Engineer: 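I am attaching a structure below and will ask some questions about it afterwards.
In what follows, every chain begins at residue 1, and chains take the letters A, B, ... in the order their sequences are listed. Just so it is clear, the model here is predicted, and its values are computed rather than measured.
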There are 2 protein chains.
Amino acid sequence: MAYTYEYPRPAVTVDCVVFGLDDSADLRILLIERADDPFAGHWALPGGFVDMGEDLDLAAKRELEEETGIKDIFIEQLYTFGAPNRDPRGRVISVAYYALVNLSEHPIKAASDARQAKWFKISELPPLAFDHNKVLEMALERLRAKVLYKPIGFELLPEKFTLTDLQNLYETILGQQLNRRNFRSKILKMGLLEQQERQQNVPHRPAYLYKFNKEKYQRLSERLGEFIFEIRFQPRETED
Amino acid sequence: MAYTYEYPRPAVTVDCVVFGLDDSADLRILLIERADDPFAGHWALPGGFVDMGEDLDLAAKRELEEETGIKDIFIEQLYTFGAPNRDPRGRVISVAYYALVNLSEHPIKAASDARQAKWFKISELPPLAFDHNKVLEMALERLRAKVLYKPIGFELLPEKFTLTDLQNLYETILGQQLNRRNFRSKILKMGLLEQQERQQNVPHRPAYLYKFNKEKYQRLSERLGEFIFEIRFQPRETED
DNA sequence: CTAACTTAGTTTATTTTTCAAACTAAGTAC
DNA sequence: GTACTTAGTTTGAAAAATAAACTAAGTTAG
């Protein structure tokens with residue numbers, strides 16, 4: 001079947017930059033190996049064509065699940081890439097999304113038009129298909145900027161985590177060491193973490209586990225116009 | 001002439017939310033009256049269809065100039081709106097932009113497929129065509145958020161301005177009174193404003209005019225990864 | 001059992017920043 | 001001249017951020 005229009009139209013796709021955090025608190029990106037041309041055999045961001053009658057957000061979620069099996073995660077629109085020659089097949093405009101995943105609770109399974117899906121360390125990325133390197137770079141920039149004033153980092157952690165886990169997360173994303181004592185007091189002073197039981201089976205004093213209280217954050221945000229979850233540190237001279 | 005594709009494709013448009021500041025430091029939005037259906041006679045954001053082979057940013061700038069005569073201004077991508085039924089003509093995906101204009105230096109002239117273009121006070125907006133009310137709301141949100149950490153407010157002012165002008169701008173955008181003395185010292189401490197001559201013909205002590213040093217800001221941003229232009233004030237108790 | 005070790009978590013003092021008040025300055029209007 | 005208006009500075013007090021020293025709670029080795 002064919003579709004005919006009076007004026008030429010671009011094709012529209014969605015692409016997802018999925019971030020995860022591994023056991024050593026390293027940041028990782030989920031990539032798929034393309035099965036078909038163009039760029040068959042190359043690594044690329046998961047994504048695909050938007051269906052007619054399908055909302056953009058839904059298209060992003062659908063493609064992600066089809067290609068990697070991952071669903072029910074934090075996902076947000078990033079930017080729309082529309083350089084005329086970004087795709088050798090012709091004019092293709094791509095609406096990019098970025099997503100945050102708790103790596104341990106969302107195992108991946110490759111599927112459909114992808115040969116395989118794999119988590120890559122951010123420091124060991126292969127060259128990517130299309131303009132996906134640029135997309136990824138912008139996603140990373142956005143993540144670094146947003147984590148400073150929105151509590152989205154928790155999406156990368158399991159439900160219960162220690163303050164050390166949380167600090168490692170921020171240090172990884174921001175690429176900067178933070179002062180342990182100040183991090184603790186700053187985070188706890190916000191009153192958005194709920195203390196749980198202690199850790200078990202660790203060869204040292206066990207830390208308390210915490211849960212992020214999302215409902216409370218949302219209530220405060222609504223009431224104050226904007227509750228600013230501010231994580232920003234100016235390191236002063238030396239440290240410890 | 002007709003264009004045929006194997007799969008159906010959405011049409012892609014761009015829309016621009018253009019902000020300006022009037023003489024009384026009120027925030028205004030530039031709207032056009034639509035000449036054709038759908039929504040003929042209604043007010044809408046300037047915009048139109050993306051040409052094949054034309055980059056998205058260029059399409060936004062071109063449409064803006066065609067419909068209002070405005071060019072060479074600050075413009076940045078906002079968000080892409082793609083709800084399946086947002087346009088009665090069928091599936092139309094719109095890449096929205098927002099722009100900041102110095103009102104006095106950019107007079108408007110309506111043209112082409114718009115009957116007229118007009119600046120509306122943000123508090124006196126007419127109902128808009130399509131989902132443009134939603135687009136506008138998001139642009140306003142973005143402007144309020146971005147003005148806190150990027151020096152984009154200067155785009156709304158003439159080249160030379162007083163500190164009182166600048167403060168009025170921030171008070172308008174943020175919808176909040178700021179302390180005069182702290183505003184002065186905070187802004188000047190950044191070292192990005194260059195003092196010029198004094199005001200003339202004002203019925204009181206004339207203020208110094210200032211210029212924003214964009215080059216210096218860019219140099220600092222590159223060197224420090226991110227120079228944070230932070231304007232944030234927590235009012236403490238009463239005031240003056 | 002005890003001492004050594006490791007990471008967790010608290011208290012406190014100091015430095016830095018933020019904020020508001022009182023004050024001085026420079027013009028116009030009468 | 002005097003009164004009035006807005007511009008701009010100096011200063012001290014309050015709050016917040018930061019670093020240091022200290023205490024706590026577990027494991028492991030002997």
Side-chain angles (χ1 to χ4, degrees), chain A residues 23-25 148-149 157 160-171 174 176-211 224 227-240, chain B residues 23-25 148-149 157 160-171 174 176-211 224 227-240:
Chain A
D23 296 332
S24 357
L148 290 175
Y149 65 97
L157 292 176
K160 296 178 184 180
F161 49 86
T162 68
L163 292 181
T164 304
D165 291 338
L166 190 62
Q167 180 169 351
N168 286 337
L169 178 147
Y170 276 99
E171 291 182 342
L174 300 176
Q176 175 190 356
Q177 294 302 109
L178 306 175
N179 182 293
R180 182 169 57 93
R181 304 169 283 251
N182 298 339
F183 183 83
R184 294 182 61 81
S185 54
K186 206 159 184 173
I187 286 280
L188 290 177
K189 204 170 49 181
M190 295 183 198
L192 294 173
L193 294 189
E194 288 175 353
Q195 198 178 67
Q196 310 289 311
E197 73 278 11
R198 292 191 106 121
Q199 263 180 327
Q200 301 219 324
N201 303 321
V202 283
H204 52 72
R205 176 176 178 180
Y208 285 105
L209 295 168
Y210 289 86
K211 261 188 186 171
L224 302 176
F227 180 84
I228 295 169
F229 185 87
E230 187 160 26
I231 306 286
R232 190 175 287 156
F233 301 88
Q234 284 92 356
R236 194 163 37 162
E237 302 305 306
T238 55
E239 142 94 46
D240 283 28
Chain B
D23 296 335
S24 354
L148 290 174
Y149 65 98
L157 292 175
K160 296 177 183 181
F161 50 85
T162 67
L163 291 183
T164 304
D165 291 339
L166 190 61
Q167 181 170 351
N168 286 337
L169 177 147
Y170 277 98
E171 291 181 342
L174 301 176
Q176 173 189 358
Q177 295 302 108
L178 305 176
N179 182 292
R180 183 170 55 91
R181 305 169 282 253
N182 298 337
F183 182 83
R184 294 182 61 81
S185 52
K186 205 158 183 172
I187 286 281
L188 291 176
K189 204 170 46 178
M190 295 183 201
L192 294 172
L193 294 188
E194 285 176 355
Q195 198 177 68
Q196 310 288 312
E197 72 278 11
R198 292 192 105 120
Q199 266 179 325
Q200 301 220 324
N201 304 320
V202 283
H204 51 72
R205 175 178 180 180
Y208 285 104
L209 295 170
Y210 289 87
K211 261 188 187 171
L224 302 177
F227 180 84
I228 295 169
F229 185 87
E230 185 158 26
I231 306 286
R232 189 175 289 155
F233 300 89
Q234 286 90 356
R236 193 162 39 165
E237 302 306 304
T238 55
E239 144 94 45
D240 282 26

Engineer: Using the test side chain to side chain contact (heavy atoms under 4.5 Å, CB included), find all partners of Ser185(B) that sit at least two apart in sequence or belong to another chain.
Structural biologist: none
Engineer: Tyr210(A): what forms a side chain to side chain donor-acceptor pair (under 3.5 Å) with it, not counting sequence neighbours?
Structural biologist: Gln195(A)
Engineer: Assign Ser185(B) to base, sugar-phosphate, or nothing according to its heavy-atom contacts below 4.0 angstrom with the strands shown.
Structural biologist: nothing
Engineer: Arg205(A): what forms a side chain to side chain contact (heavy atoms under 4.5 Å, CB included) with it, not counting sequence neighbours?
Structural biologist: Arg198(A)
Engineer: Tell me the interatomic distance from Gln167(B), atom CD, to dC19(C), atom P, rounded to whole angstroms.
Structural biologist: 13 Å
Engineer: Rounded to whole angstrom units, what separation is found between the CG atom of Asn168(B) and the P atom of dT6(D)?
Structural biologist: 12 Å
Engineer: Hey, is the side chain of Arg181(B) pairing donor to acceptor with the base of dA21(C) inside 3.5 Å?
Structural biologist: yes
Engineer: Could you pick out which residue, Leu163(B) or Asn201(A), lies toward the 5' side of DNA chain D when each is mapped onto its nearest nucleotide?
Structural biologist: Leu163(B)
Engineer: Just jot down the side chain to side chain contact (heavy atoms under 4.5 Å, CB included) partners of Gln200(A), sequence neighbours excluded, or say none.
Structural biologist: none
Engineer: Rounding to a whole Å, what distance do you find between Gln195(B):CD and dG8(D):C1'?
Structural biologist: 10 Å
Engineer: Taking side chain to side chain contact (heavy atoms under 4.5 Å, CB included) as the definition, give me every residue that meets it alongside Glu197(A), ordered by chain and number, with sequence neighbours left out.
Structural biologist: Lys160(A), Leu209(A)
Engineer: What are the atom names and distances for every N/O pair under 3.5 Å that joins the protein to nucleotides 24-26 of chain D?
Structural biologist:
from	atom 1	to	atom 2	distance (Å)
dA24(D)	N3	Arg205(A)	NH1	2.4
dA25(D)	O4'	Arg205(A)	NE	3.2

